[in-house]
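Whatever order the structure lists ligands and atoms in, that order sets their numbers, starting from 1. Since this is a predicted model, take the numbers as computed values, not measurements.
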Amino acid sequence: MDSLMTCLAELVVANRILAREGVVDAFGHISVRSPDNPERYFMSRSRAPELITRDDLMEFKLDGEAIDLQDRTPYGERFIHGSIYEKRPDVHSVIHNHSHEIIPFGATKNITLRPVAHVGSPIGHNVQTWDIRDKFGETDLLVVNMDQGRDLAATLGNGRVALMRGHGAVVAGSNIRNTVMTAVYLQVNAKLQLMTLQLGEPIYLSDAEIDNCFKRQTSPLATDRAWEYWVSRAGVGDL
Ligand code: MN
C-alpha cells in the first residue's frame, strides 16, 4: 500500500492530468481513499482541478464531514465519493466528471455506452445510467447528500462506470492511476462510439474481448507508459 504522502502527491498530479485531458473542466473531481484509514478519503477543496496543489487537499469521513475544515469550502458533490467507498471496499479512487462526450449517452434511452475499441475496455460490460429523477424528483441534478449518493452507488453496483442522466459520470477504480485510465478512455470510447454510430451499426467488443483487453490495458506496463505520457503532457513532472 502506498504511503499517505505518495498518495496525496499522486492525487495532485491526477487532478492536473484530468484537466489536461479534458475529462474535467472548472467542475469535476477525483478522490483517493486514505491508505491509513479505509473510513476516510482525500479530495481537494472546491476548486478547478487544473489549479489544485497539495495545500488544497482535505480529509473527509465517508459521510462527507471534513476532518479539519478550516475556512475551506468542500465540493458540494463530495457525497458521490463517500457513498461509493462505503459500498465498495475494492474501490480506492473515484472520479466524477461532466465530460461532454459522455453526456449524450446518458441522455438517450435507446443507446448504451459500450466498448467499440480495445482501449475502451476499462468501461466494462454493462454501463448503467442513473437518473436522479427516478427517486428524488425534479432537482438541480447535483448529488448533494448521502441518500442521493447511495442511490447512485447502487446503480454503479460492481461496475467501474455509471452515467448520470443529464449530468455526467462516475468512475471507480482500485487505485488513482487505474481510475484515471478508465476516465480518460471512457471519454475516448464515447467519441469513437458516436463516430461509429454515424457510419452504421457498431460491432462491439465481446464480453471475452473486453476482459482480455482490460487485462492488457491495466497491466503495469501499459499503466506506467500511459501515466508517464500524461504527466509529461500535463507538465507536472516536478510536482
Ligand atoms: Mn457534477
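Taking a 6.0 Å sphere around CZ of R225, one finds it holds 12 or fewer heavy atoms contributed by other residues, nucleotides or ligands. More than 12 heavy atoms of other residues, nucleotides or ligands sit less than 6.0 Å from atom CZ of F136.
Annotation: the span from L69 atom CG to E59 atom CD amounts to 13.0 Å, rounded to 0.5 Å.
A search for side chain to side chain donor-acceptor pair (under 3.5 Å) contacts involving R88 returns D90, not counting sequence neighbours.
Of all protein atoms, those of element N, O or S that lie under 2.8 Å from the Mn ion (ligand 1) number 4.
For H96 and H81, the ring centers are positioned 6.0 Å apart or more.
In this structure, the side chain of D134 does not engage the main chain of W130 through any donor-acceptor pair within 3.5 Å.
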